[in-house]
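First comes the structure, then the notes that go with it.
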Amino acid sequence: MRIGYPCINRSIGCQSDATFRLASYSNSMMEAKVSGNLACLQRILEYNLAKGILFFRISSQLVPFASHPICDFPWRRRFLGELKSVGEYVRKKGIRISMHPDQFVLLNSPDLGVHERSVAELAYHCEALDAMGLAPDAKVQIHVGGVYGDRAAAIARFEERYRRLPSAIRKRLVIENDDRLYAVSDCIRIHETCGVPVLFDSFHHECLNAGESVREALKAAMGTWGNADGVPMTDYSSQAPGGRSGKHAETIDLAHFEKYLHSAKKLDFDVMLEIKDKEKSAIKALSILRKMNKG
DNA sequence: CCATGTCAAGGTCAC
DNA sequence: GTGACCTTGACATGG
(Lines give C-alpha, C1' and ligand atoms only; values in the text may rest on other atoms or scores of the structure.)
Protein backbone atom coordinates (compact mmCIF):
# COMPACT_ATOMS: atom_id res chain seq x y z
CA MET A 1 0.00 0.00 0.00
CA ARG A 2 1.29 3.39 -1.02
CA ILE A 3 0.02 6.60 0.56
CA GLY A 4 -0.09 9.95 -1.18
CA TYR A 5 -1.51 13.47 -1.32
CA PRO A 6 -2.67 15.70 -4.16
CA CYS A 7 -0.96 18.38 -6.19
CA ILE A 8 0.47 20.76 -3.59
CA ASN A 9 3.31 20.57 -1.11
CA ARG A 10 3.25 23.14 1.67
CA SER A 11 6.65 22.42 3.17
CA ILE A 12 9.22 23.00 0.48
CA GLY A 13 8.24 26.41 -0.85
CA CYS A 14 7.78 25.79 -4.54
CA GLN A 15 4.72 25.39 -6.74
CA SER A 16 4.09 22.74 -9.35
CA ASP A 17 0.69 24.22 -10.21
CA ALA A 18 1.56 27.86 -10.89
CA THR A 19 -0.70 29.40 -13.48
CA PHE A 20 -1.63 32.82 -14.83
CA ARG A 21 -4.65 34.64 -16.16
CA LEU A 22 -5.88 33.84 -19.62
CA ALA A 23 -5.68 37.56 -20.37
CA SER A 24 -1.93 37.48 -19.79
CA TYR A 25 -1.34 34.46 -22.02
CA SER A 26 1.91 34.45 -23.98
CA ASN A 27 4.41 31.85 -25.04
CA SER A 28 7.02 33.29 -22.71
CA MET A 29 4.55 33.04 -19.82
CA MET A 30 3.89 29.40 -20.76
CA GLU A 31 7.59 28.70 -20.97
CA ALA A 32 8.24 30.24 -17.57
CA LYS A 33 5.35 28.58 -15.72
CA VAL A 34 5.71 25.08 -17.16
CA SER A 35 9.44 25.19 -16.59
CA GLY A 36 8.96 26.17 -12.94
CA ASN A 37 6.17 23.63 -12.44
CA LEU A 38 8.26 20.74 -13.75
CA ALA A 39 11.27 21.70 -11.65
CA CYS A 40 9.06 21.86 -8.57
CA LEU A 41 7.37 18.55 -9.39
CA GLN A 42 10.78 16.90 -9.32
CA ARG A 43 11.57 18.50 -5.95
CA ILE A 44 8.24 17.36 -4.50
CA LEU A 45 8.85 13.78 -5.62
CA GLU A 46 12.28 13.84 -4.01
CA TYR A 47 10.83 15.24 -0.78
CA ASN A 48 8.12 12.57 -0.85
CA LEU A 49 10.58 9.76 -1.41
CA ALA A 50 12.63 10.89 1.58
CA LYS A 51 9.46 10.68 3.69
CA GLY A 52 8.34 7.36 2.25
CA ILE A 53 5.42 8.90 0.35
CA LEU A 54 5.16 6.94 -2.89
CA PHE A 55 1.87 8.15 -4.35
CA PHE A 56 1.31 11.61 -5.81
CA ARG A 57 -1.39 13.34 -7.80
CA ILE A 58 0.06 15.70 -10.37
CA SER A 59 -1.83 18.98 -10.71
CA SER A 60 -3.93 19.53 -13.83
CA GLN A 61 -2.29 22.95 -13.98
CA LEU A 62 1.12 21.44 -14.71
CA VAL A 63 0.67 22.90 -18.19
CA PRO A 64 -1.82 25.78 -17.83
CA PHE A 65 -4.37 26.17 -20.65
CA ALA A 66 -2.95 23.11 -22.39
CA SER A 67 -6.33 22.17 -23.89
CA HIS A 68 -7.52 25.72 -24.48
CA PRO A 69 -7.72 26.89 -28.11
CA ILE A 70 -5.49 29.82 -27.21
CA CYS A 71 -2.59 27.48 -26.52
CA ASP A 72 -0.29 27.02 -29.49
CA PHE A 73 2.79 26.51 -27.37
CA PRO A 74 4.52 23.22 -28.32
CA TRP A 75 4.91 22.17 -24.71
CA ARG A 76 5.45 18.46 -25.42
CA ARG A 77 8.36 19.15 -27.73
CA ARG A 78 9.82 21.96 -25.63
CA PHE A 79 9.67 20.01 -22.36
CA LEU A 80 10.10 16.46 -23.60
CA GLY A 81 13.49 16.17 -21.86
CA GLU A 82 12.13 17.39 -18.52
CA LEU A 83 8.99 15.26 -18.77
CA LYS A 84 10.99 12.16 -19.58
CA SER A 85 13.39 12.82 -16.77
CA VAL A 86 10.60 13.13 -14.18
CA GLY A 87 9.02 9.98 -15.59
CA GLU A 88 12.24 8.04 -15.29
CA TYR A 89 12.55 9.10 -11.67
CA VAL A 90 8.98 7.98 -11.02
CA ARG A 91 9.59 4.56 -12.55
CA LYS A 92 12.96 4.02 -10.95
CA LYS A 93 11.66 4.80 -7.46
CA GLY A 94 8.39 2.90 -7.74
CA ILE A 95 6.25 6.01 -7.36
CA ARG A 96 2.55 5.85 -8.30
CA ILE A 97 1.08 8.79 -10.21
CA SER A 98 -2.47 9.97 -10.79
CA MET A 99 -4.17 13.05 -12.18
CA HIS A 100 -7.68 14.39 -11.56
CA PRO A 101 -9.17 16.82 -14.08
CA ASP A 102 -11.68 19.04 -12.32
CA GLN A 103 -15.43 19.47 -12.38
CA PHE A 104 -15.61 20.89 -15.89
CA VAL A 105 -14.69 17.59 -17.44
CA LEU A 106 -18.05 15.95 -18.14
CA LEU A 107 -17.97 13.14 -20.62
CA ASN A 108 -21.73 12.64 -20.44
CA SER A 109 -22.91 16.23 -20.88
CA PRO A 110 -25.77 16.61 -23.34
CA ASP A 111 -23.99 19.76 -24.50
CA LEU A 112 -21.64 18.60 -27.25
CA GLY A 113 -19.35 21.58 -26.72
CA VAL A 114 -18.85 20.57 -23.09
CA HIS A 115 -18.22 17.01 -24.19
CA GLU A 116 -15.66 18.07 -26.79
CA ARG A 117 -13.76 20.30 -24.35
CA SER A 118 -13.78 17.46 -21.86
CA VAL A 119 -12.20 15.04 -24.33
CA ALA A 120 -9.56 17.64 -25.20
CA GLU A 121 -8.77 18.12 -21.51
CA LEU A 122 -8.52 14.35 -20.99
CA ALA A 123 -6.24 14.12 -24.00
CA TYR A 124 -3.92 16.71 -22.46
CA HIS A 125 -3.69 14.79 -19.17
CA CYS A 126 -2.90 11.55 -20.98
CA GLU A 127 -0.37 13.19 -23.28
CA ALA A 128 1.48 14.57 -20.27
CA LEU A 129 1.64 11.11 -18.67
CA ASP A 130 2.61 9.55 -22.00
CA ALA A 131 5.39 12.10 -22.45
CA MET A 132 6.72 11.06 -19.05
CA GLY A 133 6.82 7.52 -20.34
CA LEU A 134 4.52 6.24 -17.60
CA ALA A 135 2.69 2.92 -17.91
CA PRO A 136 -1.13 2.79 -18.06
CA ASP A 137 -1.16 2.32 -14.28
CA ALA A 138 -0.75 6.11 -14.04
CA LYS A 139 -4.44 6.96 -13.96
CA VAL A 140 -6.67 9.90 -14.81
CA GLN A 141 -9.74 9.96 -12.60
CA ILE A 142 -13.05 11.71 -13.23
CA HIS A 143 -16.61 11.49 -11.98
CA VAL A 144 -19.40 10.02 -14.06
CA GLY A 145 -20.88 13.50 -14.54
CA GLY A 146 -24.33 15.03 -14.26
CA VAL A 147 -27.79 13.45 -14.26
CA TYR A 148 -29.50 16.03 -16.47
CA GLY A 149 -32.97 15.01 -15.39
CA ASP A 150 -32.65 11.48 -16.79
CA ARG A 151 -30.30 9.13 -14.99
CA ALA A 152 -30.58 6.19 -17.34
CA ALA A 153 -29.91 8.36 -20.38
CA ALA A 154 -27.01 10.10 -18.64
CA ILE A 155 -25.42 6.75 -17.79
CA ALA A 156 -25.98 5.37 -21.29
CA ARG A 157 -24.36 8.50 -22.71
CA PHE A 158 -21.34 8.02 -20.46
CA GLU A 159 -20.91 4.41 -21.56
CA GLU A 160 -21.25 5.17 -25.21
CA ARG A 161 -18.82 8.06 -25.08
CA TYR A 162 -16.33 6.09 -23.04
CA ARG A 163 -16.26 3.41 -25.74
CA ARG A 164 -15.62 6.02 -28.40
CA LEU A 165 -12.61 7.54 -26.63
CA PRO A 166 -9.19 7.14 -28.20
CA SER A 167 -7.34 4.22 -26.61
CA ALA A 168 -4.67 6.57 -25.24
CA ILE A 169 -7.36 8.02 -22.97
CA ARG A 170 -9.29 4.83 -22.34
CA LYS A 171 -6.24 3.01 -21.04
CA ARG A 172 -5.82 5.59 -18.24
CA LEU A 173 -9.34 6.70 -17.45
CA VAL A 174 -11.06 5.56 -14.27
CA ILE A 175 -14.31 6.73 -12.65
CA GLU A 176 -14.72 7.69 -9.03
CA ASN A 177 -17.93 7.48 -7.00
CA ASP A 178 -19.12 10.96 -5.98
CA ASP A 179 -20.96 12.20 -2.91
CA ARG A 180 -24.30 13.20 -4.46
CA LEU A 181 -25.13 11.56 -7.79
CA TYR A 182 -23.29 8.33 -8.63
CA ALA A 183 -22.53 5.85 -5.85
CA VAL A 184 -20.10 2.92 -6.04
CA SER A 185 -22.97 0.63 -7.06
CA ASP A 186 -23.77 2.91 -10.03
CA CYS A 187 -20.11 2.98 -11.05
CA ILE A 188 -19.91 -0.82 -10.86
CA ARG A 189 -22.87 -1.15 -13.21
CA ILE A 190 -21.19 1.23 -15.63
CA HIS A 191 -18.02 -0.85 -15.40
CA GLU A 192 -19.99 -3.97 -16.24
CA THR A 193 -21.25 -2.37 -19.41
CA CYS A 194 -18.16 -0.62 -20.71
CA GLY A 195 -15.20 -1.89 -18.69
CA VAL A 196 -14.01 1.34 -17.07
CA PRO A 197 -12.27 0.68 -13.72
CA VAL A 198 -13.81 2.16 -10.56
CA LEU A 199 -11.78 4.19 -8.09
CA PHE A 200 -13.22 3.86 -4.58
CA ASP A 201 -13.60 7.11 -2.63
CA SER A 202 -14.22 6.21 1.00
CA PHE A 203 -15.56 9.60 2.05
CA HIS A 204 -17.97 9.85 -0.86
CA HIS A 205 -19.11 6.34 -0.03
CA GLU A 206 -19.93 7.54 3.49
CA CYS A 207 -22.02 10.33 1.96
CA LEU A 208 -23.79 8.23 -0.70
CA ASN A 209 -24.15 4.45 -0.84
CA ALA A 210 -26.61 1.65 -1.49
CA GLY A 211 -26.24 0.14 1.96
CA GLU A 212 -23.05 -1.86 1.35
CA SER A 213 -20.33 -1.82 3.96
CA VAL A 214 -17.07 0.01 3.27
CA ARG A 215 -15.30 -3.29 2.79
CA GLU A 216 -17.89 -4.63 0.35
CA ALA A 217 -17.83 -1.45 -1.73
CA LEU A 218 -14.03 -1.29 -1.67
CA LYS A 219 -13.71 -4.92 -2.77
CA ALA A 220 -16.24 -4.46 -5.54
CA ALA A 221 -14.39 -1.41 -6.86
CA MET A 222 -11.04 -3.17 -6.62
CA GLY A 223 -12.43 -6.03 -8.69
CA THR A 224 -12.88 -3.70 -11.66
CA TRP A 225 -9.13 -3.11 -12.03
CA GLY A 226 -7.26 -5.21 -14.57
CA ASN A 227 -3.61 -6.28 -14.55
CA ALA A 228 -2.47 -3.38 -16.72
CA ASP A 229 -4.26 -0.92 -14.43
CA GLY A 230 -1.94 -1.66 -11.54
CA VAL A 231 -2.81 -1.80 -7.85
CA PRO A 232 -6.28 -0.25 -7.40
CA MET A 233 -6.26 3.40 -6.40
CA THR A 234 -8.56 4.85 -3.75
CA ASP A 235 -9.31 8.26 -2.27
CA TYR A 236 -9.63 8.79 1.44
CA SER A 237 -10.90 11.68 3.52
CA SER A 238 -13.11 12.37 6.49
CA GLN A 239 -15.75 14.88 7.43
CA ALA A 240 -14.45 18.30 8.56
CA PRO A 241 -15.63 18.63 12.19
CA GLY A 242 -18.35 21.28 12.33
CA GLY A 243 -18.25 21.74 8.58
CA ARG A 244 -21.03 21.22 6.07
CA SER A 245 -21.62 17.58 5.27
CA GLY A 246 -19.23 16.51 2.53
CA LYS A 247 -16.56 19.05 3.43
CA HIS A 248 -13.07 17.55 3.56
CA ALA A 249 -11.16 17.57 6.82
CA GLU A 250 -8.44 20.10 7.50
CA THR A 251 -6.14 17.47 8.94
CA ILE A 252 -6.28 13.70 9.16
CA ASP A 253 -8.45 12.09 11.85
CA LEU A 254 -6.09 9.31 12.84
CA ALA A 255 -8.66 7.24 14.71
CA HIS A 256 -10.99 7.35 11.69
CA PHE A 257 -8.16 6.43 9.34
CA GLU A 258 -7.02 3.54 11.48
CA LYS A 259 -10.56 2.21 11.60
CA TYR A 260 -10.75 2.46 7.82
CA LEU A 261 -7.52 0.53 7.34
CA HIS A 262 -8.74 -2.01 9.81
CA SER A 263 -11.91 -2.56 7.79
CA ALA A 264 -9.75 -3.03 4.69
CA LYS A 265 -7.36 -5.58 6.21
CA LYS A 266 -5.50 -7.86 3.80
CA LEU A 267 -6.52 -5.84 0.76
CA ASP A 268 -3.80 -4.13 -1.26
CA PHE A 269 -4.59 -0.73 -2.69
CA ASP A 270 -3.05 2.74 -2.90
CA VAL A 271 -4.51 5.58 -0.84
CA MET A 272 -4.75 9.22 -1.90
CA LEU A 273 -5.47 11.46 1.09
CA GLU A 274 -7.78 14.27 0.07
CA ILE A 275 -7.02 16.33 3.11
CA LYS A 276 -6.21 19.98 3.20
CA ASP A 277 -2.89 19.93 4.99
CA LYS A 278 -1.47 17.59 2.35
CA GLU A 279 1.95 16.10 3.13
CA LYS A 280 1.54 16.72 6.84
CA SER A 281 -1.35 14.26 7.01
CA ALA A 282 0.37 11.86 4.63
CA ILE A 283 3.32 11.61 7.00
CA LYS A 284 1.00 10.92 9.94
CA ALA A 285 -0.93 8.34 7.92
CA LEU A 286 2.31 6.53 7.13
CA SER A 287 3.14 6.26 10.80
CA ILE A 288 -0.26 4.64 11.42
CA LEU A 289 0.30 2.23 8.57
CA ARG A 290 3.72 1.25 9.89
CA LYS A 291 2.35 0.76 13.36
CA MET A 292 -0.42 -1.49 12.04
CA ASN A 293 1.96 -3.51 9.88
CA LYS A 294 4.09 -4.19 12.93
CA GLY A 295 1.22 -5.16 15.19
C1' DC B 1 3.32 45.86 0.60
C1' DC B 2 -1.15 44.33 1.74
C1' DA B 3 -6.13 43.60 0.96
C1' DT B 4 -9.49 42.01 -1.86
C1' DG B 5 -11.99 40.83 -6.05
C1' DT B 6 -11.55 37.56 -9.49
C1' DC B 7 -10.43 33.50 -12.15
C1' DA B 8 -11.69 28.90 -18.96
C1' DA B 9 -14.47 25.56 -18.35
C1' DG B 10 -20.68 23.05 -15.30
C1' DG B 11 -24.28 21.42 -12.65
C1' DT B 12 -27.66 21.05 -8.86
C1' DC B 13 -30.87 22.69 -5.87
C1' DA B 14 -33.86 26.07 -3.65
C1' DC B 15 -36.89 29.40 -4.65
C1' DG C 1 -36.12 31.02 -14.93
C1' DT C 2 -32.72 33.01 -11.70
C1' DG C 3 -29.39 32.99 -8.24
C1' DA C 4 -26.72 30.78 -4.48
C1' DC C 5 -23.62 27.30 -3.75
C1' DC C 6 -20.09 23.84 -4.56
C1' DT C 7 -14.70 24.55 -3.41
C1' DT C 8 -10.05 26.70 -3.73
C1' DG C 9 -5.96 28.81 -3.73
C1' DA C 10 -3.49 31.95 -5.91
C1' DC C 11 -3.31 35.51 -9.51
C1' DA C 12 -3.54 40.34 -10.31
C1' DT C 13 -4.82 44.76 -9.43
C1' DG C 14 -5.64 48.79 -6.84
C1' DG C 15 -4.94 51.14 -2.74
Side-chain angles (χ1 to χ4, degrees), chain A residues 5-26 28-37 40-41 44 57-73 75 99-125 140-151 153-155 157-158 161 175-183 186 201 203-204 206-208 235 237-251 272-281:
Chain A
Y5 62 96
C7 306
I8 292 168
N9 178 295
R10 301 194 180 285
S11 306
I12 63 181
C14 73
Q15 247 184 299
S16 69
D17 63 339
T19 182
F20 51 89
R21 293 296 152 88
L22 185 58
S24 37
Y25 181 94
S26 70
S28 66
M29 189 64 106
M30 284 292 282
E31 166 95 30
K33 293 296 180 184
V34 179
S35 174
N37 287 347
C40 180
L41 174 59
I44 291 176
R57 182 184 296 164
I58 295 177
S59 168
S60 294
Q61 310 218 53
L62 185 70
V63 185
F65 303 109
S67 75
H68 192 282
I70 199 174
C71 177
D72 60 356
F73 184 74
W75 58 270
M99 293 185 85
H100 192 346
D102 63 9
Q103 58 180 327
F104 309 109
V105 169
L106 295 154
L107 218 46
N108 75 342
S109 173
D111 181 327
L112 289 180
V114 171
H115 171 247
E116 223 168 85
R117 286 190 289 279
S118 298
V119 174
E121 180 71 353
L122 290 175
Y124 145 64
H125 283 75
V140 173
Q141 64 185 92
I142 59 171
H143 296 287
V144 176
V147 167
Y148 311 102
D150 184 344
R151 249 184 124 65
I155 289 175
R157 213 158 42 234
F158 179 93
R161 289 178 177 174
I175 53 173
E176 172 194 349
N177 58 302
D178 67 73
D179 58 349
R180 286 175 13 261
L181 303 174
Y182 295 102
D186 300 310
D201 185 308
F203 185 36
H204 292 163
E206 283 181 17
C207 302
L208 178 73
D235 285 350
S237 187
S238 61
Q239 174 65 40
R244 184 205 68 261
S245 165
K247 189 175 160 73
H248 289 207
E250 201 63 43
T251 191
M272 178 59 59
L273 301 174
E274 294 192 315
I275 295 173
K276 298 227 185 128
D277 67 0
K278 310 286 177 184
E279 74 279 4
K280 235 173 110 185
S281 283

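This is a predicted model, so every value here is computed, not measured. A, B, ... follow the sequence lines: proteins, then strands. Residue 1 opens every chain.
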Give each protein N/O atom lying under 3.5 Å from an N/O atom of nucleotides 5-8 of chain B, with the pair distance.
{"unit_1": "B:dT6", "atom_1": "O2", "unit_2": "A:Arg21", "atom_2": "NH2", "d": "3.3"}
{"unit_1": "B:dC7", "atom_1": "O4'", "unit_2": "A:Arg21", "atom_2": "NH1", "d": "3.4"}
{"unit_1": "B:dA8", "atom_1": "OP1", "unit_2": "A:Leu22", "atom_2": "N", "d": "2.7"}

Pick out the pairs of N or O atoms, protein on one side and nucleotides 13-15 of chain B on the other, that lie under 3.5 Å.
none

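Summarising the geometry, the separation between CG on A:Asp277 and P on C:dT8 is reported as 13 Å, rounded to the nearest angstrom. A:Asn9 places its CG atom 12 Å from the P atom of C:dA10, with the value rounded to the nearest Å. Atom-to-atom, NZ of A:Lys33 to C1' of C:dC11 comes out at 8 Å; the value is rounded to the nearest Å. Straight-line distance from the CG atom of A:Asp150 to the C1' atom of B:dT12: 16 Å, rounded to whole Å. The nearest whole Å value for the distance from the CZ atom in A:Arg151 to the P atom in B:dG11 is 16 Å. With rounding to whole Å, A:His248 atom NE2 is found 13 Å from C:dC6 atom P. Remark: P of B:dG10 and CG of A:Leu122 are 15 Å apart, rounded to the nearest angstrom.
Evaluation of the side-chain hydrogen bond (donor to acceptor under 3.5 Å, both in side chains) rule for A:Asp277 yields A:Thr251, A:Ser281 as partners, not counting sequence neighbours. Residues forming a disulfide bond (SG atoms under 2.5 Å apart) with A:Cys14 (at least two apart in sequence, or on another chain): A:Cys40. Applying the ring pair (Phe, Tyr, Trp, His ring centres under 6.0 Å) rule to A:Phe203 yields the partners A:His248; only residues at least two apart in sequence or on another chain are considered. Applying the side-chain hydrogen bond (donor to acceptor under 3.5 Å, both in side chains) test to A:His115 and every residue at least two apart in sequence or in another chain returns nothing. Checked against side chain to side chain contact (heavy atoms under 4.5 Å, CB included), A:Ser26 has the following partners two or more places apart in sequence or in another chain: A:Ser28, A:Met29. Remark: A:Glu31 pairs with A:Arg78 by the salt bridge (Lys or Arg N to Asp or Glu O under 4.0 Å) rule, at least two apart or across chains. The disulfide bond (SG atoms under 2.5 Å apart) search around A:Cys7 returns none, not counting sequence neighbours. Remark: A:Phe158 pairs with no residue by the ring pair (Phe, Tyr, Trp, His ring centres under 6.0 Å) rule, at least two apart or across chains.
A donor-acceptor pair under 3.5 Å is absent between the side-chain atoms of A:Ser109 and the main chain of A:Leu106, judged by distance alone.
Helical stems in DNA chain C, defined as runs of 3 or more consecutive Watson-Crick or G-U wobble pairs with both donor-acceptor distances under 3.5 Å, are listed by first residue as B:1-7 with C:9-15, B:10-15 with C:1-6.
For the P atoms, the distance linking C:dG9 with B:dT12 amounts to 25 Å, nearest Å. Nucleotides B:dA8 and C:dC5 are separated by 22 Å at their P atoms, to the nearest Å.
Note: A:Tyr124 and A:Trp75 meet the aromatic proximity criterion, with ring centroids under 6.0 Å apart.
Nucleic acid contact for A:Lys276: sugar-phosphate only, since backbone atoms but no base atoms lie under 4.0 Å from a heavy atom of the residue.
Near-neighbour residues of DNA chain B inside residues 102-114 of chain A, defined by a heavy atom below 4.0 Å, number-ordered: A:Gln103, A:Phe104, A:Leu106, A:Ser109, A:Val114.
A donor-acceptor pair shorter than 3.5 Å can be found between the side chains of A:Glu121 and A:Ser67. Inspection of the A:His100 and A:Ser60 side chains reveals no N or O donor paired with an N or O acceptor under 3.5 Å.
A:Asp235 has a carboxylate O that lies under 4.0 Å from a charged side-chain N of A:Arg57, or vice versa, which qualifies the two as a salt bridge. Checked for salt-bridge contact, A:Lys280 and A:Glu250 miss the test: no charged N lies under 4.0 Å from a carboxylate O.
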